[in-house]
Amino acid sequence: MKQVIGARCTLCGCSVPADPEVTVCPKCGGILDIEYDYDYIRSRLTKYELMDRTDRTMWRYMEFLPVEGIGKTPRLRVGGSPLYKADRLAAEIGLSGNLWIKDDGQNPTASLKDRASAMAVVKAEEAGKTIIACSSTGNAASSLAGNAAAAGFKTYIFVPSRAPKGKVAQLMMFGATVILVEGSYEDTFRLSAEAIDHYGWYNRNAAINPYLMEGKKTVSLEIAEQLGFEMPDYVAISVGDGCTIAGVWKGFKDLYAAGFIRTLPRLISVQAKGCCPINTAAAAHTMDWVPQEENTMADSIAVGVPRNPVKALRAIEESNGITVNVSDEEIMAAMRLLGRTQGIFAEPAGATGTAGLKKAVESGLIEKGASVVSVVTGNGLKDVANAIKAAGEPVSLPPRMDKLLEVLG
Ligand SMILES: *Cc1c(COP(=O)(O)O)cnc(C)c1O
Ligand SMILES: [Zn+2]
């Protein structure tokens with residue numbers, strides 16, 4: 001893997017060789033960050049060579065990833081999600097600049113998390129493990145279970161008992177051993193960490209395992225390529241643990257360092273009002289975040305004790321980012337807007353980035369003429385109960401024309 005220099009600790013700054021089994025700093029326990037040799041990447045790949053590739057999955061960006069290859073093991077098709085020009089949505093929220101929606105709910109298990117899980121399976125294989133475990137608010141779990149099932153791995157999954165039924169159904173269908181933890185996500189994470197230590201399973205906990213962010217960053221590589229390497233002014237994304245926004249930023253920074261793009265977008269970090277520890281710290285320009293309660297319908301980002309605050313806060317700061325917190329009502333309004341104006345069905349956390357963008361435009365936080373990509377991170381079918389809550393119930397009537405006429409007029 002000539003493109004990878006090593007893994008640098010985000011806390012003490014020391015550098016260690018990149019090894020799939022070493023997922024935290026051996027000296028201080030800090031989270032690691034994979035470092036690349038950009039001159040080497042540049043010598044191996046140009047924009048034009050990349051654009052000629054026929055592989056539409058996330059693995060088309062192999063030179064930017066910490067893997068040698070993906071072997072012959074069967075894989076799900078991860079990545080290659082559409083980037084839609086969203087003119088009607090832009091008009092509705094008062095944005096006169098270009099707006100695109102990156103619909104990452106169109107991954108195989110219906111969330112952006114597939115990008116991380118696909119990477120986790122490859123790294124587990126490299127580490128010689130056959131059992132992978134993780135704790136998750138739901139989507140990391142269902143995506144790990146699906147991607148592992150495709151490759152023939154066994155999974156142990158820890159989710160809080162509040163996880164929406166659609167996500168639990170996915171887990172059961174993919175044959176995972178599922179432990180529903182009666183407690184918060186924080187409790188769930190703690191139990192999974194103890195169990196992983198005890199049994200020696202491969203650890204797919206995204207904040208701890210630096211390779212997963214490398215998988216997530218492929219969403220940015222795709223956005224850049226889909227826009228012909230001309231960056232928008234802003235990228236809006238929902239934030240829970242913070243790994244996704246950190247991955248998004250890493251992807252853009254990698255492209256910039258390798259000379260593929262000339263400017264970097266500013267990040268719009270969107271959290272739920274009822275659970276916004278990262279945005280609260282970011283807005284105060286401090287790394288000293290404070291735990292919060294998990295008070296939002298957007299279960300995927302209801303993370304009171306974020307597991308990747310350092311990388312997330314640095315990403316927001318470095319990008320000269322903007323923080324926006326939205327209420328559950330604003331999230332539901334964004335779900336309806338995405339559906340009605342663009343035909344995109346998002347789960348609550350999937351629409352949260354768009355809710356934040358709408359609020360940022362309406363409150364004058366960003367210029368009306370700005371160009372923006374808003375990432376939809378998860379599909380609405382995962383959480384039908386909240387979708388109905390947001391969209392309402394249909395009319396219901398007996399199979400008689402007179403009744404229909406009464407209703408439709
Ligand atoms: C996990 C997730 C997020 C947030 O990602 P973090 O890495 O936890 O910040 C946002 N939306 C959806 C749908 C998710 O599943
Ligand atoms: Zn360290």
Side-chain angles (χ1 to χ4, degrees), residues 58 61 64 79 81-86 89-90 93 95 97-107 111-113 115-116 213-257 260-271 278-279 282 301 308 311-326 334 338 342 344 346 349-361 365-378:
M58 62 185 263
Y61 304 105
F64 282 95
S81 65
L83 183 78
Y84 296 121
K85 185 88 190 315
L89 178 53
I93 64 175
L95 193 69
N98 288 324
L99 171 63
W100 294 270
I101 302 290
K102 177 73 169 165
D103 186 9
D104 238 44
Q106 289 202 39
N107 273 301
S111 81
L112 185 149
K113 296 287 195 297
R115 298 178 185 273
M213 211 184 85
E214 299 299 314
K216 286 185 174 181
K217 84 180 179 192
T218 58
V219 72
S220 296
L221 306 184
E222 273 176 26
I223 289 171
E225 195 184 358
Q226 286 167 317
L227 291 176
F229 299 99
E230 294 295 328
M231 288 294 94
D233 299 321
Y234 297 92
V235 173
I237 184 97
S238 60
V239 176
D241 260 328
C243 309
T244 305
I245 194 168
V248 164
W249 184 236
K250 180 83 180 280
F252 291 130
K253 275 205 309 185
D254 280 355
L255 288 172
Y256 187 79
F260 281 51
I261 57 175
R262 286 166 302 153
T263 58
L264 286 162
R266 293 174 70 185
L267 299 176
I268 305 177
S269 167
V270 191
Q271 292 206 284
I278 288 184
N279 275 356
I301 53 166
N308 217 334
K311 282 187 188 174
L313 287 167
R314 279 187 195 159
I316 298 167
E317 187 77 19
E318 276 178 30
S319 83
N320 191 18
I322 286 172
T323 59
V324 186
N325 300 320
V326 291
L338 280 163
Q342 302 296 146
I344 293 171
T352 298
T354 305
L357 168 63
K358 178 169 184 279
K359 196 165 181 172
V361 176
L365 261 176
I366 72 171
E367 324 78 73
K368 295 213 181 314
S371 58
V372 188
V373 171
S374 184
V375 184
V376 168
T377 47

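What you see below is based on every heavy atom in this structure, not just the backbone, and it leaves out hydrogens, waters and symmetry mates. Throughout, residue positions are numbered sequentially from 1 according to the sequence presented.
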Does a donor on one side chain sit under 3.5 Å from an acceptor on the other, for Y234 and E367?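 Distance-only check passes for Y234 and E367.
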
Measure the spacing between [atom1] of [X] and [atom2] of [Y] and express it to the nearest 0.5 Å.
X	Y	atom1	atom2	value
I301	S238	CD1	OG	5.0 Å
Q271	N279	CD	CG	4.5 Å
M58	S81	CE	OG	12.0 Å
F229	L221	CZ	CG	8.5 Å
E230	I261	CD	CD1	10.0 Å
Y84	L99	OH	CG	14.0 Å

A side-chain contact here means heavy atoms from C-beta on lying under 4.5 Å apart; do [X] and [Y] qualify?
X	Y	value
I268	L365	no
K311	K250	no
E222	L83	no

Other residues, nucleotides and ligands only: do more than 12 of their heavy atoms fall within 6.0 Å of NZ on K358?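 Check fails, neighbour count at 12 or below.
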
My understanding is that only one of T352, V270, V248, I278 makes a side-chain contact (heavy atoms from CB on, under 4.5 Å) with V239; could you say which?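 Result: among T352, V270, V248, I278, I278 is the only option passing the side-chain contact (heavy atoms from CB on, under 4.5 Å) with V239.
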
Shortest non-hydrogen contact between [X] and [Y], atoms and distance:
X	Y	result
A236	G353	CB-O, 3.7 Å
S374	L357	CB-CD2, 4.3 Å
N325	K359	O-NZ, 3.0 Å
I316	I245	CG1-CD1, 4.0 Å
P232	S371	CA-OG, 3.4 Å
A351	A334	O-CB, 3.6 Å

Are the side chain of [X] and the backbone N or O of [Y] linked by a donor-acceptor pair below 3.5 Å?
X	Y	answer
S319	L267	yes
N107	R115	no
D104	S111	no

Check: F260 ring centroid to Y61 ring centroid under 6.0 Å: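 No; Y61 has its ring centre 6.0 Å or more from that of F260.
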
Trace of the side-chain contact (heavy atoms from CB on, under 4.5 Å) decision for L112 with K216: CA-CA 7 Å; L112 185 149; K216 286 185 174 181; 3.9 Å; yes

Begin with the C-alpha distance, continue with both residues' side-chain angles, and end with the deciding distance and a verdict on salt bridge (charged side-chain N to carboxylate O under 4.0 Å, His left out) for E214 and K217. CA-CA 5 Å; E214 299 299 314; K217 84 180 179 192; 2.7 Å; yes

Please assess T354 against L89 for the test side-chain contact (heavy atoms from CB on, under 4.5 Å), listing each intermediate value before the final yes or no. CA-CA 10 Å; T354 305; L89 178 53; 4.1 Å; yes

Residues D233, I366; criterion side-chain contact (heavy atoms from CB on, under 4.5 Å); working and verdict: CA-CA 10 Å; D233 299 321; I366 72 171; over 6 Å; no

W249 vs L264, test: side-chain contact (heavy atoms from CB on, under 4.5 Å). Steps then yes/no. CA-CA 9 Å; W249 184 236; L264 286 162; 3.9 Å; yes

